[in-house]
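In each ligand, atom 1 is the first atom listed, and ligand 1 is the first ligand listed. Below, each value reflects all heavy atoms present in this structure, side chains not excepted, and no hydrogens, waters or symmetry copies.
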Amino acid sequence: MMLLVQMMRGTAMHAGSRWSRSVERLISSGRDINSSAHHFSGFGEACTLSCGHGDQTKVLITGGLGQLGIGLAKLLRRRFGKNNVILSDIRKPPSHVYDDGPFIFSDILDFKNLREIVVNNNISWLIHYSAVLSAVGENNIALAKEVNITGFHNILDVATEHGLRVFVPSTIGAFGPSSPRDPTPELCVQRPQTIYGVSKVHAELMGEYYHHRYGLDFRCLRYPGILSADSQPGGGTTDYAVQLFHAALKTGHFECYLRGDTQLPMMYIDDCVRATLEFLEVPTDSLPSRTYNINAMAFTPQELTQEIQKVLPDLKVTYNVDPLRQAIADGWPKALEDSSARRDWGWKHEYNLPELVQTMLALITQGKQMAEAC
Ligand code: SER
């Protein structure tokens with residue numbers, strides 16, 4: 001931790017070569033951030049595994065250019081081989097995405113396009129990350145309905161038609177003010193008050209129904225807010241936490257749109273993508289449930305600020321509450337109860353708040369340093 005403190009102070013002063021030496025020391029002495037999902041290297045070493053039906057696992061990730069897709073693709077490519085994991089989106093990616101492995105256009109609202117991709121590439125796992133998040137959804141309900149509900153129906157249909165294993169993330173947003181909030185159990189009242197939450201409850205129920213009715217291998221994890229250093233979330237309520245890190249290193253000041261005492265469940269991206277892979281690898285007959293809560297930590301903006309201030313004591317956070325996002329957060333869990341995932345398939349998080357802060361600051365600093373060097 002001492003090294004991190006020194007490094008960040010050096011960073012704030014833009015201390016040139018001392019900065020780079022500090023970063024190197026931190027990276028070589030601290031948590032092994034180079035082993036994280038974001039920093040796997042050498043796809044040549046990738047092992048190739050089968051999906052249990054004697055066939056090579058071939059994965060399609062939709063919404064691949066959001067916060068999670070690239071990180072998950074890196075982990076899956078290491079597991080299954082570079083060319084067996086296809087990232088897709090409707091947007092054009094930065095060029096390094098093309099360099100890292102297959103990337104294709106895929107529009108989840110176009111069923112024929114989806115079917116063609118699944119058939120032509122012999123897809124066996126479909127990981128469905130396309131979604132409109134909570135805050136954006138409230139500002140464009142028609143879009144949220146189309147992407148999160150109509151699009152999801154296409155996913156269900158193509159997965160059922162071709163016998164795919166299908167993973168869809170759900171969220172803390174699938175609960176609402178009438179749910180028990182601290183902690184929120186897996187099975188309880190779910191009456192969300194956002195279109196995002198309603199669409200995710202719909203996905204949970206439809207997926208479980210298709211599993212029951214057609215034998216679809218549907219799997220769903222309720223993710224907390226996810227923090228990542230090199231990809232930004234977009235349009236969510238938990239996004240402040242990622243923004244705070246970037247602002248802390250860039251300007252030393254952050255204006256937070258949530259009240260300082262708003263506690264939400266959170267998770268570092270490496271835990272999130274590892275949970276997803278571990279859950280997907282459980283043999284289908286060994287899974288007693290199809291939808292699980294997963295949890296790692298829970299904190300408020302004040303607690304996150306205090307932890308970052310141990311490294312960057314000059315960080316200043318002010319509050320300018322956005323009523324829309326505050327109302328959303330006030331109806332969400334303060335913590336998730338995840339004992340079923342821990343019992344049924346061995347879920348175990350690795351990152352608590354201090355490790356999260358150390359890792360995020362180190363990786364963002366490293367990224368800035370590399371960008372400056374280019
Ligand atoms: N991160 C999401 C949001 O804030 C919650 O799952 O909308």
Identify which of Leu133, Ile172, Thr171 has a heavy atom lying nearest to atom 6 (O) of ligand 1.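 Going through Leu133, Ile172, Thr171 one by one, Thr171 has the nearest heavy atom to atom 6 (O) of ligand 1.
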
So between Leu264, Thr237, Val136, Val132, whose heavy atom ends up nearest atom 4 (O) of ligand 1?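 Considering heavy atoms of Leu264, Thr237, Val136, Val132, the nearest to atom 4 (O) of ligand 1 sits in Thr237.
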
Quick one: do [X] and [Y] make a salt bridge, cutoff under 4.0 Å?
X	Y	value
Arg79	Glu281	yes
Asp100	Lys82	no
Asp217	Arg219	yes

Determine yes or no for a side-chain-to-main-chain donor-acceptor pair under 3.5 angstrom, with Ser286 supplying the side chain and Val282 the backbone.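 Such a contact is absent between Ser286 side chain and Val282 backbone.
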
With a cut-off of 4.0 Å, which atoms of ligand 1 are near a heavy atom of [X]?
X	result
Tyr196	2 (C), 5 (C), 6 (O), 7 (O)
Trp332	3 (C), 4 (O), 5 (C), 7 (O)
Ser134	3 (C), 4 (O), 7 (O)

Is the CZ atom of Arg342 crowded by more than 12 outside heavy atoms at less than 6.0 Å?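 Enclosed.
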
Check: Thr238 N/O within less than 3.5 Å of ligand 1 N/O: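 Between Thr238 and ligand 1, an N or O pair is found under 3.5 Å apart.
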
Is it the side chain (CB and beyond), the backbone, both or neither of Tyr240 that lies under 4.0 Å from ligand 1, heavy atoms counted?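 The answer is neither; Tyr240 stays 4.0 Å or more away.
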
Does the ring center of Tyr210 lie less than 6.0 Å from the ring center of Phe218?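 Centroid separation for Tyr210 and Phe218: 6.0 Å or greater.
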
